Asks: 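Submitted below is the structure of interest, expressed as C-alpha cells.
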Amino acid sequence: MNRTTAAEPSAHLDQFARRHLPPADQWPDLVFDLPELQYPARLNCVADILDQAVAAGRGGRVALHGEGISWTYAELQQQVDRIVNVLRGPMALVPGNRVLLRGANHPMMAAAVLAVLKAGLIAVPTMPLLRARELGVIMQKAQVQAVLCAHALREEIEVAPDRPQRTLWFNVPADAQAGLAPERSLDALMAAQPASAAACDTAADDVCLISFTSGTTGIPKGTIHFHRDVLAICDCFPRHILKSEAGDLFIGTPPLAFTFGLGGLLLFPLRVGAAAVLLEKLTPETLLQAIEKYRATICFTAPTFYRQMATLAGKYDLSSLKQSVSAGEALPVATRDAWQQASGLRMIDGIGATEMLHIFISASGEEIRPGATGKPIPGYRACVLDNNGQPVGPGIVGRLAVKGPTGCRYLDDPRQRDYVLNGWNLTGDAYEMDADGYFFYRSRTDDMIISAGYNIAGPEVEDALLRHPAVAECGVVGKPDDERGQVVEAHVVLKPGFEPSPVMAAELQDFVKEQIAPYKYPRSIRFLSSLPRTETGKLQRFKLRST
Ligand code: 3UK
C-alpha cells in the first residue's frame with residue numbers, strides 16, 4: 001500500500017523535499033479505496049481546481065471575495081498566471097524550490113499560494129503572528145529560497161535571520177510604492193508579465209506543500225504534502241460530509257497558512273466551482289456581519305468563536321447559512337447547543353491535523369451525535385489503540401489511530417517515529433469508540449489528569465462548567481498536588497455582569513458535581529479575564545499549568 005517509490009519521473013529539478021522525506025518504512029499506510037481517489041500519475045492540483053474550471057466555461061463565476069475585491073475564476077487565473085511568470089522569470093526559481101508565504105487572508109495571498117503550486121514550486125505558508133526568530137527556524141528547516149510577503153507583515157520578515165535575497169512584497173499600499181524599488185514589488189512585477197502560464201507537469205506525488213505544525217511547544221515540525229493530497233482532501237470531507245456545491249459561498253476565520261483554512265476557505269470552494277470570502281482580522285461580530293452581508297452558506301471556525309457568536313447571533317440575519325463546521329479543538333456539547341439555539345444549525349464537528357492535511361473524522365445531518373466527533377469519513381479508517389499498539393473495543397479510552405489517502409511525512413524529523421506506528425497515524429489524542437463506531441474525544445494523550453488514581457479528561461469538566469450561565473470560557477488542567485498527584489484546576493472567564501468570588505467558586509463546584517461524577521469536580525478554581533490561545537484557536541494548557 002505504500003507509495004514511497006515513484007515510478008513516475010518527478011518534475012522537480014530541486015530534489016530537496018523528496019530527499020528529506022522519511023525513510024519508506026516509517027511512512028504511514030496510504031489507502032486509496034474510493035473511486036474518486038484514483039488519480040492519474042501526473043497531475044498539478046491547481047490545473048485541476050482552477051484551470052479546469054475556466055476551461056470548462058466557468059471563468060465568469062465569482063471565485064474569491066475580499067475587502068473591496070471580487071475576482072471571477074478567470075480573473076483569479078490571470079492573477080495566478082502573472083505570479084507564475086514572475087516566479088519563473090525575474091525570480092528565476094525552478095520546480096522543487098521552496099517559497100515562504102506570509103500574509104493575512106486575502107485574495108492576493110490565495111493567488112500567491114496557488115501560483116507557487118502551479119509553477120511546481122513548494123509552498124511554505126506561515127502564520128501571520130509568527131515572529132522573526134520563528135520565521136527564521138522555518139526558513140532554515142525548509143531551506144527556503146524565496147519569500148512572498150504581504151507588505152503589512154514585512155517587519156518580522158525584514159529582520160528574520162537567513163532571509164533569502166529573493167523577497168517580494170505584495171499588496172503594497174499606494175503611499176509606500178514610491179519608497180519601494182519596483183523589482184521588490186510583486187504587484188509591479190506582475191503588471192509587466194503576461195496573464196497566462198502553463199502549469200508545471202508535476203507527478204502526483206511531487207511535493208507541493210510543507211506546512212509547519214502550529215504546535216504549542218517544541219520546534220515546529222514541517223509536514224510534507226503532495227499534489228494528489230490536495231485533491232484527496234477536496235474529494236473526501238467536502239464531497240461526502242459537507243456536500244458542498246457550486247452555489248455555495250464559504251466564509252470563516254482560519255488563516256490560509258493553517259491547513260484548516262487552506263482547505264476550507266480556498267481549496268474546497270474551488271474544487272466544486274464555488275466562491276469564498278477571504279477577510280482579515282475577523283472578530284465574532286465582524287464574522288456575523290460578513291455572513292449577513294455576503295449571504296455566506298458555509299462557515300468554518302473554531303469552537304470558541306461559535307460560542308462567542310452564539311450570544312450575538314440574534315442581531316444578524318444568518319438565514320443564508322446552511323452549514324457550520326467546527327474544528328481545531330474539541331467542541332463542547334454546551335457550545336454545540338448554544339450555537340444551534342442561536343442559528344438553528346446543527347454543527348458539523350470534525351477532527352483534522354496538519355499531518356493529515358485536513359479532517360478525517362466527522363459527521364453531518366442525521367448522522368450527528370452530540371458529544372461525538374463522528375465516524376471516519378469516507379476515504380479514512382480509524383481505531384483506538386492501547387499502549388502496546390493493539391486495537392481496543394468499544395468503551396475503552398486509548399490512542400486514536402487513523403489512515404487514509406493522506407498521512408504524516410515529517411520533513412527530516414525524528415518525531416516521525418512518534419506519529420506513525422505500524423502504518424497508523426497517531427494523532428496524540430485520547431479517544432473512545434462506541435458500539436456504533438462513533439468516536440468520542442477525551443483529551444490530548446498528554447493532558448489526561450490523574451488525580452488520586454482516577455483518570456479525568458479536562459474537556460469533560462470544561463463542558464460541565466460551560467453550561468453554567470455565568471461562564472464565558474474555561475480551561476481545566478491538572479495541578480501538581482502532594483497528596484493526590486494532581487488535582488483538577490479550572491481557569492474560568494466569567495461573562496459580563498458576574499463577579500469572581502469564593503461564593504461563585506463554590507457555586508461552580510457544586511454545579512459540576514450535579515452533572516458528572518463528583519470526583520471530577522475542580523478542587524481549585526481560578527478566575528481570569530481571558531484564556532491563552534494559539535492563532536488557530538487552541539487553548540494553551542501548558543500556560544495554564546505554569547501560572
Ligand atoms: C485537535 C481536535 C477534538 C486534536 C486541523 C482541521 O487542528 C488542526 O490541525 P493541528 O495540527 O491540530 C491537530 C490536533 O487538534 N483537534 C482538531 N480538531 C479537533 N480535537 N475535536 C476536534 N474537532 O488534538 C488534533 O490532534 O493544528 C483541524 C483541519 C485541518 C487541521 N490542520
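Both counts, for ligands and for their atoms, begin at 1 and track the order of listing. Keep in mind that this is a model prediction, so the values were computed, not measured.
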Asks: Please work out which of the three classes, parallel, tilted or perpendicular, describes the rings of Phe260 and Phe258, given edges at 30° and 60°.
Replies: perpendicular

Asks: With Arg409 as the cation and Tyr419 as the aromatic partner, state whether NZ or CZ is under 6.0 Å from the six-membered ring centre and within 45° of the axis.
Replies: no

Asks: Quick check: closest heavy atoms across Phe212 and Thr354, and the distance to 0.1 Å?
Replies: O-CG2, 4.1 Å

Asks: Quick check: does Leu357 get an N/O under 3.5 Å from an N/O on ligand 1?
Replies: no

Asks: Against ligand 1, does Thr213 come closer than 4.0 Å with any heavy atom?
Replies: no

Asks: What part of Phe260, side chain from CB on, backbone N/CA/C/O, both or neither, has a heavy atom under 4.0 Å from ligand 1?
Replies: both

Asks: Is any side-chain heavy atom of Leu148 closer than 4.5 Å to a side-chain heavy atom of Leu100?
Replies: no

Asks: With only distance considered, is Thr373 within less than 3.5 Å of ligand 1 through an N or O on each side?
Replies: no

Asks: If you take the centroid of each ring, where Trp contributes its six-membered ring, are His358 and Phe268 closer together than 6.0 Å?
Replies: yes

Asks: Which donor-acceptor pairs under 3.5 Å do side chains of residues 383-401 form with protein atoms, sequence neighbours excluded?
Replies:
| from | atom 1 | to | atom 2 | distance (Å) |
| --- | --- | --- | --- | --- |
| Asp386 | OD1 | Asn388 | N | 2.8 |
| Asp386 | OD1 | Gly389 | N | 3.0 |
| Asp386 | OD1 | Gln390 | N | 2.9 |

Asks: Below 3.5 Å, N or O to N or O, backbone or side chain included: is there any such pair between Lys538 and ligand 1?
Replies: yes

Asks: Check Ile351 against ligand 1 and report side chain, backbone, both or neither, counting heavy atoms closer than 4.0 Å.
Replies: both

Asks: Give yes or no for whether the N/O distance cutoff of 3.5 Å, strictly under, is met between Thr354 and ligand 1.
Replies: yes

Asks: Check the angle between the aromatic planes of Tyr380 and Phe360 and answer parallel, tilted or perpendicular using the 30° and 60° thresholds.
Replies: tilted

Asks: Is there any N or O on Tyr441 that sits under 3.5 Å from an N or O of ligand 1?
Replies: no

Asks: With a cut-off of 6.0 Å (strictly less than), are more than 12 heavy atoms of other residues, nucleotides or ligands near OH of Tyr519?
Replies: yes

Asks: Going by distance only, is there an N or O of Gly350 that falls short of 3.5 Å from an N or O of ligand 1?
Replies: yes

Asks: Please confirm whether Leu331 comes under 4.0 Å of ligand 1, counting heavy atoms of the residue only.
Replies: no

Asks: Does ligand 1 come near enough to Ser326 that some N or O of the ligand is less than 3.5 Å from an N or O of the residue?
Replies: no

Asks: What are the atoms of ligand 1, with element, lying closer than 4.0 Å to any heavy atom of Ala330?
Replies: 3 (C), 20 (N), 21 (N)

Asks: Only heavy atoms of Thr427, strictly under 4.0 Å: list the atoms of ligand 1 that pass.
Replies: 26 (O)

Asks: Measure Met356 to ligand 1 on non-hydrogen atoms and call it side chain, backbone, both or neither using the 4.0 Å cut-off.
Replies: neither

Asks: Parallel, tilted or perpendicular: which describes the rings of Phe511 and His468, with under 30° parallel and over 60° perpendicular?
Replies: perpendicular

Asks: Can you classify the ring geometry of Tyr294 versus His65 as parallel (below 30°), tilted (30 to 60°) or perpendicular (above 60°)?
Replies: tilted

Asks: If you count the atoms of ligand 1 from 1 in the order shown, which ones are under 4.0 Å from a heavy atom of Thr259?
Replies: 30 (C), 31 (C), 32 (N)

